[in-house]
Amino acid sequence: MLKRNAQHLGDVLSEFFNENPGLKTSVAEHRAVSAWRELLGEGVSHYTKNVYFKRNVLHVQLTSSVLRAELIMNKQNLIDKLNEHAEMEVVRDIVFR
């Protein structure tokens, strides 16, 4: 049987996310959190305890004060890369603890 209202799955998902901006933001936040380990690699991941979002701020708990100082100096670059990976501007700031 041939369906006349057939649409591409990508078009349907795009329309769904455009109608639900809160869900789109949540997916982008999840992408940014998962990108932390992907973009910074195993070395930084080894010293990272916890990464989570709260009110457009990415909170990162680190076990190395030297690494924390290095990341603070490169904070804006990290924000730009995470937002690029999330395909949406969701990271406004990063707090290192």
*Indicate, with yes or no, if Leu67 and Phe96 share a hydrophobic cluster defined by side-chain heavy-atom contacts under 4.5 Å among Ile, Leu, Val, Met, Phe, Trp and Tyr.*
yes
*Kindly write out the residues that satisfy side-chain hydrogen bond (donor to acceptor under 3.5 Å, both in side chains) with Glu15, not counting sequence neighbours, or none if the list is empty.*
none
*asked:* Does Glu84 have more than 12 heavy atoms from other residues, nucleotides or ligands lying within 6.0 Å of its CD?
replied: no
*Go through Arg97 and Leu62 one step at a time and tell me if the side chain to side chain contact (heavy atoms under 4.5 Å, CB included) criterion holds.*
CA-CA 6 Å; Arg97 295 181 179 191; Leu62 299 167; over 6 Å; no
*asked:* Less than 4.5 Å apart, side chain to side chain, heavy atoms only: is that true for Asp93 and Leu58?
replied: no
*Could you tell me which residues satisfy side-chain hydrogen bond (donor to acceptor under 3.5 Å, both in side chains) with Asn74, sequence neighbours excluded, listed by chain and number?*
none
*By side-chain hydrogen bond (donor to acceptor under 3.5 Å, both in side chains), which residues pair with Arg68, not counting sequence neighbours?*
none
*asked:* If hydrophobic clusters are built by linking Ile, Leu, Val, Met, Phe, Trp and Tyr wherever their side-chain heavy atoms come under 4.5 Å apart, do Ile72 and Val95 end up in the same one?
replied: no
Exercise answer: donor-acceptor pairs, residues 44-56 side-chain atoms, under 3.5 Å, sequence neighbours excluded:
| from | atom 1 | to | atom 2 | distance (Å) |
| --- | --- | --- | --- | --- |
| Ser45 | OG | Gly41 | O | 2.8 |
| Thr48 | OG1 | Trp36 | NE1 | 3.3 |
| Thr48 | OG1 | Val44 | O | 2.8 |

*Output every pair passing ring-ring contact (aromatic ring centres under 6.0 Å, His included) with a member in residues 62-89, not counting sequence neighbours, ordered by first then second residue.*
none
*Side chain Lys75, main chain Ile94, donor-acceptor under 3.5 Å*: yes
*Should Val57 and Val90 be regarded as members of a common hydrophobic cluster, given that ILVMFWY residues are connected when their side-chain heavy atoms come within less than 4.5 Å of each other, either directly or indirectly?*
no
_Can you pull out every salt bridge (charged side-chain N to carboxylate O under 4.0 Å, His left out) where at least one residue sits in residues 23-47? Sequence neighbours excluded, please._
Arg31-Glu87
*Between Leu82 and Ala32, which heavy-atom pair has the shortest distance, and what is it?*
CD2-O, 3.5 Å
*Would you mind telling me which of Asp80, Asn83, Val33, Leu78 makes a side-chain contact (heavy atoms from CB on, under 4.5 Å) with Val91?*
Asn83
